[in-house]
Student: 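Quick one: structure below, then a few questions.
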2 protein chains.
Amino acid sequence: MVTQERGADTASAILDVAERLVQQRGFNGFSYADVARELGITKAALHYHFPGKAELGERLVRRYGERFAEALRAIDDGPATAADRLAAYCEVYRRVLLEGRMCLCGMLAADYDTLAEPMRAAVVGFFEQNEAWVAGLLEGGRTDGSLVVTTPALDAARTVIAALEGAMLVARPFETAAVFDAVVGRLLADFVPGAA
Amino acid sequence: MVTQERGADTASAILDVAERLVQQRGFNGFSYADVARELGITKAALHYHFPGKAELGERLVRRYGERFAEALRAIDDGPATAADRLAAYCEVYRRVLLEGRMCLCGMLAADYDTLAEPMRAAVVGFFEQNEAWVAGLLEGGRTDGSLVVTTPALDAARTVIAALEGAMLVARPFETAAVFDAVVGRLLADFVPGAA
DNA sequence: GTCTATAACGAGATAGAC
DNA sequence: GTCTATCTCGTTATAGAC
């Protein structure tokens with residue numbers, strides 16, 4: 001039944017390539033042709049799996065959010081202290097940066113004005129999910145005494161996410177992780193007692 | 001000698017419109033046609049003033065940097081304490097956000113991989129200028145005692161800029177300044193003794 | 001300094017064969 | 001599930017008239 005050797009996971013191969021292109025070039029900086037060329041298939045094959053760019057984009061964000069949620073669960077089951085879990089959270093972002101990428105949803109936040117409604121909603125959902133998780137982490141740290149959180153947990157969570165997204169963004173023109181590391185070092189020093 | 005009523009400042013009118021479009025939609029999210037339509041001129045007229053999109057973009061960044069430098073000088077001549085000057089610096093970003101815009105160079109940092117070299121250099125120059133100014137401000141605050149700066153001034157300056165750019169970025173999908181305000185409130189509380 | 005007209009290309013998208 | 005072929009549109013850009 002199979003004519004081309006790839007099978008049912010062509011869709012995820014497409015998502016992999018498109019994801020990287022969006023993270024590097026932005027949603028308006030890549031095309032179906034770019035993805036097709038890289039996979040050795042035609043644009044028409046792409047339209048079979050994803051009817052349009054907006055639908056592809058929406059699936060991209062939802063998959064990214066699911067993978068991010070998995071990473072957060074892995075952190076929940078990992079480091080014992082809230083301080084260590086916060087450091088692990090920062091490390092997730094750092095790994096993305098080292099691959100030469102921006103956070104997918106950070107990039108799409110920049111492109112936000114040009115996105116169709118379903119994609120917008122998915123981007124908002126990603127940030128809400130992250131805010132809630134980080135806020136819970138900070139609450140936990142306040143309780144077990146491993147973190148110093150002086151403001152409402154949700155406000156503090158937004159600060160953490162904004163700092164990480166901003167650090168990734170500003171690190172891009174400098175083409176080094178040094179800027180990112182300086183920001184994260186300060187961020188952790190602010191929340192972790194004795195880390196200054 | 002003048003056939004159309006506008007005169008020599010058509011160029012700056014073009015820059016005004018293009019600047020806003022880039023700040024809202026990104027460099028790959030606007031076209032010569034968009035700018036021409038809004039000004040009631042043709043694309044050909046645009047090409048007369050700016051041979052290509054890359055040249056327009058470069059002029060855009062340089063003008064933005066000059067205006068930003070003016071704003072920084074105004075702050076230097078304004079508030080007496082370093083703490084107040086830091087707050088004034090944050091307020092510059094806040095005003096941009098309230099206009100529904102992203103920082104021009106923050107947006108271009110996202111688009112960075114797709115930019116031609118001259119534009120990239122201009123974007124890097126903008127961030128270097130800002131880092132240096134903020135670092136000087138923080139040094140001054142450490143000296144006069146109005147700011148608490150525990151890390152190297154340049155690292156701390158990068159934290160400030162990353163937090164502001166990140167706060168603007170993340171505020172976009174939420175379509176409110178509340179996220180931005182939460183971040184800036186925390187930022188100031190970190191540097192200004194007694195502000196927590 | 002701005003226009004009309006058009007070139008040259010790439011984008012997203014579709015029809016229909018295999 | 002992927003192809004070829006094609007469509008339509010928007011993009012950047014240029015030539016030459018006014």
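Naming: A, B, ... by sequence-line order, numbering from 1 per chain.
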Student: Reckon S31(B) has a side-chain N or O less than 4.0 Å from the OP1 or OP2 of dG10(D)?
Tutor: no
Student: CG of N28(B) versus P of dG10(D): gap in Å, rounded?
Tutor: 18 Å
Student: Indicate whether OP1 or OP2 belonging to dT2(D) is found under 4.0 Å from a side-chain N or O atom of T42(A).
Tutor: no
Student: Can you tell me the distance, in whole Å, between the CD1 atom of I14(A) and the P atom of dT2(D)?
Tutor: 7 Å
Student: Figure out the CG/C1' separation between L46(A) and dT4(D), and round it to whole Å.
Tutor: 16 Å
Student: Roughly, in whole Å, what's the span from CD1 in I41(A) to P in dT2(D)?
Tutor: 6 Å
Student: Tell me whether the side-chain N/O atoms of H49(A) come closer than 4.0 Å to OP1 or OP2 in dT2(D).
Tutor: yes
Student: Send over the distance from L39(A) CG to dT2(D) P, rounded to a whole Å.
Tutor: 10 Å
Student: Y48(B) near the nucleic acid: base, sugar-phosphate alone, or nothing, with a heavy-atom cut-off under 4.0 Å?
Tutor: base
Student: With the side chain of A44(B) defined as its heavy atoms from C-beta on, choose the nearest nucleotide among dA15(D), dA11(C), dA15(C).
Tutor: dA15(D)
Student: With the side chain counted from C-beta on, respond yes when F191(B) and R142(B) share a heavy-atom pair under 4.5 Å apart, and no when they do not.
Tutor: no
Student: Take the protein atom NZ of K43(A) and the nucleotide atom P of dT6(D), then report the distance between them rounded to whole Å.
Tutor: 14 Å
Student: Going by atom types alone, do T114(A) and D111(A) pair a side-chain donor with an acceptor below 3.5 Å?
Tutor: no
Student: dA11(C) P sits how many Å from Y32(B) OH, rounded?
Tutor: 19 Å
Student: What does F30(B) touch in the nucleic acid at a heavy-atom separation under 4.0 angstrom: a base, only the sugar-phosphate, or nothing?
Tutor: sugar-phosphate
Student: Taking atom types as modelled, is there a side-chain donor on D84(A) or T81(A) under 3.5 Å from an acceptor on the other?
Tutor: yes
Student: I need the NE2-P distance between H47(B) and dA13(D), as an integer number of Å.
Tutor: 5 Å
Student: I'd like to know if K53(B) reaches the base of dT11(D) with its side chain such that a donor and an acceptor end up less than 3.5 angstrom apart.
Tutor: no
Student: Give a yes/no verdict on a cation-pi contact between R94(A) and F180(A), requiring under 6.0 Å between NZ or CZ and the six-membered ring centre and an angle within 45° of the axis.
Tutor: no
Student: Would you name the heavy atoms of L108(B) and L115(B) that are closest together and state the gap between them?
Tutor: O-CD1, 3.7 Å
